[in-house]
Amino acid sequence: MEAIVALAFAFLVFPFSSPAQALSSNYYDHTCPQLESIVRSAVQKAMSNDKTVPAALLRMHFHDCFIRGCDASVLLNSKGKNKAEKDGPPNISLHAFYVIENAKKALESKCPDIVSCADILALAARDAVAMSGGPSWEVPKGRKDGRISLASETRQLPAPTFNISQLKQNFAQRGLSIKDLVALSGGHTLGFSHCSSFQNRIHNFNATLDMDPTMNPSFASKLRRVCPAHNKVKNAGSPLDSSNLIFDNAYYKLLLQGNSIFSSDQALLTTPKTKALVSKFANSQKAFEKAFVESMIKMSSLTGGQEIRLDCRVVR
């Protein structure tokens with residue numbers, strides 16, 4: 001389903017924003033009109049070879065925006081003693097960087113030194129959602145690329161073990177609301193998690209219980225079979241929902257059934273306001289998609305860069 005949503009949020013200023021970086025949907029109309037088709041083509045080609053690409057691109061964009069704003073700092077390589085974001089613990093499993101790099105190369109041949117890596121990533125995340133059966137939207141553009149990328153700052157990312165207070169605080173620091181928190185968590189409709197991110201719920205949950213009692217027991221048992229206490233299988237884990245290649249509202253339905261993967265997912269049911277939003281999105285894919293698009297535009301309008309990189313992996 002396609003839903004084009006007006007850019008009501010495009011010009012709001014958030015904590016990371018620079019007033020000089022007003023974003024606009026037609027930013028490249030004259031300087032690089034082929035931009036969107038080139039990025040779409042790069043995403044499409046990668047998806048045809050690897051079905052996990054959409055989830056990877058969406059997660060990459062989230063992880064970029066939550067540290068120093070959406071400035072493509074997540075794409076920079078470590079150099080010398082400086083360990084970059086992509087090598088921080090929460091980002092070790094990020095992949096599909098080549099999609100952004102391929103799009104950048106194609107753009108440099110058509111319109112050199114014009115398009116930022118941050119804008120390419122924002123567009124690629126939108127295309128990943130749309131090509132997985134989710135909504136499409138106009139992406140505000142005009143971001144600049146950042147020059148600083150520190151692995152130590154990845155501890156600022158919301159963790160899968162967070163409770164609702166930690167989640168609300170983490171999102172509020174970025175000008176994002178409770179509704180944004182619940183809507184953006186719906187990005188978990190795409191993707192896969194390794195055992196380490198939910199081990200805390202299925203083994204030694206607390207002093208008296210081995211498993212998280214809020215989990216559906218049969219679902220928890222299934223996860224325990226895939227992820228034994230001393231798991232040695234590097235790539236063992238679980239899809240984040242039952243239709244993890246399709247962008248839909250199954251994530252919220254499963255959450256209400258006790259079939260969520262992360263503690264941070266379950267946390268959304270622990271306050272009346274967040275639980276009501278989970279129920280609303282479980283009952284209406286249309287309501288979820290509308291909220292998701294609004295929150296994506298809001299999150300992707302957090303800016304913070306200073307330059308246009310020629311190679312997304314290195315500063316100029």
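When reading the values below, keep in mind they use all heavy atoms of this one structure, side chains included, and skip hydrogens, waters and symmetry mates. Everything numeric here is computed off the predicted structure, so don't read it as measured data.
No side-chain donor from either of S218 and S221 sits under 3.5 Å from a side-chain acceptor of the other. For the residue pair R201/T161, the side-chain donor-acceptor check at 3.5 Å is not satisfied. A side-chain donor-acceptor contact under 3.5 Å links D87 and S78. Residues N91 and T154 have side chains that never bring a donor and an acceptor to within less than 3.5 angstrom of each other. Side-chain atoms of Y28 and D119 include a donor-acceptor pair closer than 3.5 Å. Residues R59 and S93 have side chains that bring a donor and an acceptor to within less than 3.5 angstrom of each other.
Classification of D113 and R316 as a salt-bridged pair holds, one side-chain N sitting under 4.0 Å from a carboxylate O. The residues R126 and E36 are annotated as salt-bridged, a charged nitrogen and a carboxylate oxygen being separated by less than 4.0 angstrom. Between E294 and K290 there is a salt bridge, since at least one side-chain N of the basic residue sits less than 4.0 Å from a carboxylate O of the acidic one. With salt bridges taken as basic N to acidic carboxylate O contacts below 4.0 Å, one links R224 and D210.
The ring-ring contact (aromatic ring centres under 6.0 Å, His included) pairs that include a residue from residues 226-280 are H188-Y251, H188-F262, F247-F288, F247-F292, Y252-F281, Y252-F288, where partners are two or more places apart or lie in different chains.
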| task | Please step through side chain to side chain contact (heavy atoms under 4.5 Å, CB included) for the pair L269 and T274, ending with a clear verdict. | result | CA-CA 6 Å; L269 300 181; T274 53; over 6 Å; no
| message | One pair to check against side chain to side chain contact (heavy atoms under 4.5 Å, CB included): M299 and H61. What are the steps and the verdict? | response | CA-CA 10 Å; M299 180 192 75; H61 184 47; 3.8 Å; yes
| query | After noting the C-alpha distance and the side-chain angles of S263 and N163, does the key distance pass the side chain to side chain contact (heavy atoms under 4.5 Å, CB included) rule? | reply | CA-CA 7 Å; S263 299; N163 62 33; over 6 Å; no
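From D248, atom CG reaches atom CD of Q285 across 5.5 Å, with rounding to the nearest 0.5 Å. Once rounded to the nearest 0.5 Å, the distance linking CG of L167 with OG of S185 reads 6.5 Å. To the nearest 0.5 Å, atom SG of residue C312 and atom CD of residue E101 are 7.0 Å apart. Here the straight-line distance linking atom SG of C65 with atom CG of L121 works out to 7.0 Å at 0.5 Å rounding. In this structure, CD1 in I164 is found 5.0 Å from CG in L181, a value given to the nearest 0.5 Å.
When each of N102, V39, I114 is checked for a side chain to side chain contact (heavy atoms under 4.5 Å, CB included) with L107, only V39 meets the rule.
Across all non-hydrogen atoms, the minimal contact from E85 to S149 is N-OG, 3.0 Å. In this structure, S295 and D180 approach most closely via the heavy-atom pair OG-OD1, 2.6 Å.
By the rule that hydrophobic residues join a cluster once side-chain heavy atoms approach within less than 4.5 Å of another member, L94 and L76 end up as members of separate clusters. Residues F219 and V226 do not share a hydrophobic cluster, clusters being chains of Ile/Leu/Val/Met/Phe/Trp/Tyr side chains in contact below 4.5 Å. Tracing side-chain contacts under 4.5 Å through hydrophobic residues (I, L, V, M, F, W, Y), one reaches L157 starting from L57; they form part of the same cluster. In this structure, M211 is not a member of the same hydrophobic cluster as F205, with clusters built from ILVMFWY side-chain heavy atoms closer than 4.5 Å. Hydrophobic clustering of Ile, Leu, Val, Met, Phe, Trp and Tyr side chains at less than 4.5 Å, counting indirect connections, keeps F192 apart from V53.
The main-chain N or O of H194 is never found under 3.5 Å from a side-chain atom of Q199 such that the two would form a donor-acceptor pair.
In this view, R309 satisfies the salt bridge (charged side-chain N to carboxylate O under 4.0 Å, His left out) rule with no residue, not counting sequence neighbours.
Residues D145 and Q306 have side chains not in contact (no heavy-atom distance under 4.5 Å, counting atoms from C-beta outward).
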